[in-house]
Amino acid sequence: MADRTDNTRTMYSEYRFGTFSYGDKREAYESLLFELLPKAKPDSILFDVGCGSGYWLDVYVRLGIRKDCINCIDLAPANVEAARARGFNATVGNVMDLVNIPDKVSDLTVSIGVIHCARDPFRAFRELVRITKPGGLIYLNLYNKYHPYYYIVHRATFPIRFLYWNWNRKVADVAYWCAKPVFQPLTYLALGEFLDDKTGKTMFMDQVITPIAHLYSKSMFNSYAARCGCTVQAFRYNRYKLMLAAVIRVNEDASGRSQ
């Protein structure tokens, strides 16, 4: 596990997921989050676990959450350093073992596109529950199990991924340039613009080269919540149904790692 974690940390330090050429068009994919955030109090303690390059941090502030109440956690030190440089509280951490975060400290825990890349995603979910206060909320957004996209871009590309992690890292460069003529027209249809190469390569690494990509359904969200004494309050597929989001309430009898 340590080697895989180190590899993932290195990859996301070099390819800082979240800062893309299509900018705030990302917001169209998180409608449930935009319904949730304005309901939070300005002094609500928010933890963004897996904050990436920190795109959402300014959004939280814009929607009324005090900057000093926002806490960022990421596996990649480069992302943490960038968040700190912008004046946010930020800590390096692994979602499967948030050792530096006490129990029951977060009013709102946000984790977008993170635990589906963890070796043990249920363990990661339990950690999100552990750090969230009873009555607090968790916002999760994960890969949709029933979308064919992931079976094409992750499952079918296993040989590329295997060669990258076990043979030669230059494989990704060759594969990216071969794939570019295919994904750029699709990107234009979806976003109304082509991607610059920095954005394209970052997305390619995250979607194809990332070691693990678990897929989720509503029943799996419900199962995780029930096993930890939580309740799913809302579901929402994002635009094009690539991702499935949920708002999960942490009940009084919720159980995390320490119990």
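Annotation for I152 and T157: closest pair O-CG2, 3.7 Å, computed over non-hydrogen atoms. The minimum heavy-atom distance between V232 and A225, with the atom names listed, is CG2-CB, 3.8 Å. Nearest heavy atom pair, residue K145 against residue S217, reads CB-N, 4.1 Å. Nearest heavy-atom pair across E127 and R130 is OE1-NE, 2.8 Å. Pairing each heavy atom of M11 with each of I209, the nearest pair is SD-CG2, 4.0 Å. Taking every heavy atom of both residues into account, M96 and A118 meet most closely at CG-CB, 4.0 Å.
Between R236 and E30 there is no salt bridge, since no side-chain nitrogen of the basic residue lies less than 4.0 Å from a carboxylate oxygen of the acidic one. A salt bridge is defined here as a Lys NZ or Arg NE, NH1 or NH2 lying under 4.0 Å from an Asp or Glu carboxylate O, and E27 with R239 fails to meet this definition.
Here CE of M243 is found 9.5 Å from CG of N144. Values are rounded to the nearest 0.5 Å. Here the straight-line distance linking atom CD1 of I131 with atom CG of N71 works out to 9.0 Å at 0.5 Å rounding. Considering OH of Y15 and OG of S53, their distance stands at 15.5 Å, rounded to 0.5 Å. Here the SG-CG distance, from C51 to N79, works out to 6.0 Å after rounding to the nearest 0.5 Å. Taking OG of S111 as the start and CZ of F47 as the end, the distance is 13.0 Å to the nearest 0.5 Å. In this structure, NE2 in H214 is found 9.0 Å from CZ in R119, a value given to the nearest 0.5 Å.
Looking at L244 and K218, their side chains come closer than 4.5 Å, going by heavy atoms from C-beta outward. Annotation: side chain of Y12 is not in contact with side chain of L75 (no heavy-atom distance under 4.5 Å). Side-chain contact check for D74 versus V92: every heavy-atom pair is 4.5 Å or farther apart. Taking 4.5 Å as the limit, every side-chain heavy atom of Y150 sits out of range of all side-chain heavy atoms of R155. Proximity of V250 to I138: side-chain heavy atoms (C-beta onward) are separated by under 4.5 Å at one or more points. W165 is listed as a side-chain neighbour of P211, based on a closest heavy-atom distance under 4.5 Å. Looking only at side-chain heavy atoms (C-beta outward), L242 and N238 come within less than 4.5 Å of each other. When side chains are defined from C-beta on, K104 does not count as touching T132, because their heavy atoms never get closer than 4.5 Å.
By the 30° and 60° cut-offs, the orientation of the rings of F162 relative to F158 is tilted. Aromatic ring pairs are classed by plane angle as parallel below 30°, tilted from 30° to 60° and perpendicular above 60°; the pair Y240 and Y29 is tilted.
No chain of hydrophobic side-chain contacts below 4.5 Å, direct or via other Ile, Leu, Val, Met, Phe, Trp or Tyr residues, connects F125 to I212. Hydrophobic clustering (side-chain heavy atoms under 4.5 Å, transitive across Ile, Leu, Val, Met, Phe, Trp, Tyr) groups Y151 together with I160. Note on V182: it does not cluster hydrophobically with M205, by side-chain heavy-atom contacts below 4.5 Å among ILVMFWY residues. The hydrophobic clustering, which links ILVMFWY residues whose side-chain heavy atoms are closer than 4.5 Å, places F204 and Y22 together. Hydrophobic clustering (ILVMFWY, side-chain heavy atoms < 4.5 Å, transitive): V153 and F194 are in distinct clusters.
Counting only distance, with no hydrogens or angles, the side chain of R126 and the backbone of C228 share no donor-acceptor pair below 3.5 Å. Under the 3.5 Å distance criterion, the side-chain polar atoms of R249 are left unmatched by any main-chain donor or acceptor of G136. The main-chain N or O of A76 is never found under 3.5 Å from a side-chain atom of S13 such that the two would form a donor-acceptor pair.
Y60 belongs to a hydrophobic cluster whose other members, connected by ILVMFWY side-chain contacts under 4.5 Å either directly or through intermediates, are L32, L33, F34, L36, L37, L46, Y55, W56, L57, V59, V61, L63, I65, I70, F88, L108, V110, I112, L137, Y139, V247.
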Exercise for review: Could you please spell out the steps behind the side chain to side chain contact (heavy atoms under 4.5 Å, CB included) verdict for C72 and T91?
Suggested key: CA-CA 6 Å; C72 319; T91 305; over 6 Å; no
Check your understanding: How far apart are the C-alpha atoms of N251 and T231, what are their side-chain angles, what is the distance that settles it, and do they pass the side-chain hydrogen bond (donor to acceptor under 3.5 Å, both in side chains) test?
Key -> CA-CA 7 Å; N251 299 325; T231 303; 2.9 Å; yes
Practice item. Evaluate the criterion side chain to side chain contact (heavy atoms under 4.5 Å, CB included) for residue pair F20 and L195; output intermediate values, then yes/no. Key: CA-CA 8 Å; F20 299 139; L195 302 181; over 6 Å; no
Practice item. Assess whether side chain to side chain contact (heavy atoms under 4.5 Å, CB included) is satisfied between V95 and I73, documenting all intermediate values. Key: CA-CA 8 Å; V95 66; I73 312 296; over 6 Å; no
Exercise for review: Could you go through the side-chain hydrogen bond (donor to acceptor under 3.5 Å, both in side chains) check for S106 and T109 one step at a time?
Suggested key: CA-CA 6 Å; S106 176; T109 304; 2.8 Å; yes
Practice item. Evaluate side chain to side chain contact (heavy atoms under 4.5 Å, CB included) for T187 paired with M203, printing each intermediate quantity in order. Key: CA-CA 11 Å; T187 300; M203 293 185 69; over 6 Å; no
Exercise for review: Could you walk me through whether S219 and N222 pass side-chain hydrogen bond (donor to acceptor under 3.5 Å, both in side chains), step by step?
Suggested key: CA-CA 5 Å; S219 63; N222 281 322; over 6 Å; no
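The neighbour count for F235 CZ, taken as heavy atoms of other residues, nucleotides or ligands under 6.0 Å away, is above 12.
Evaluation of the salt bridge (charged side-chain N to carboxylate O under 4.0 Å, His left out) test over residues 80-89, restricted to residues two or more places apart or in two chains, returns D58-R86. The ring-ring contact (aromatic ring centres under 6.0 Å, His included) analysis of residues 103-123, with sequence neighbours excluded, yields the pairs H116-Y143, F122-Y224. Listed by first then second residue, pairs satisfying salt bridge (charged side-chain N to carboxylate O under 4.0 Å, His left out) with a partner in residues 40-52 number zero, not counting sequence neighbours.
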With a cut-off of 3.5 Å and sequence neighbours excluded, list every side-chain donor-acceptor pair involving residues 169-176.
unit_1: R169; atom_1: NE; unit_2: Y164; atom_2: O; d: 3.0
unit_1: D173; atom_1: OD1; unit_2: K201; atom_2: NZ; d: 2.5
unit_1: Y176; atom_1: OH; unit_2: D197; atom_2: OD1; d: 2.9

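By the 6.0 Å and 45° rule, K241 stacks over the aromatic ring of Y237.
Annotation: ring pair (Phe, Tyr, Trp, His ring centres under 6.0 Å) contacts of Y146 (sequence neighbours excluded): none.
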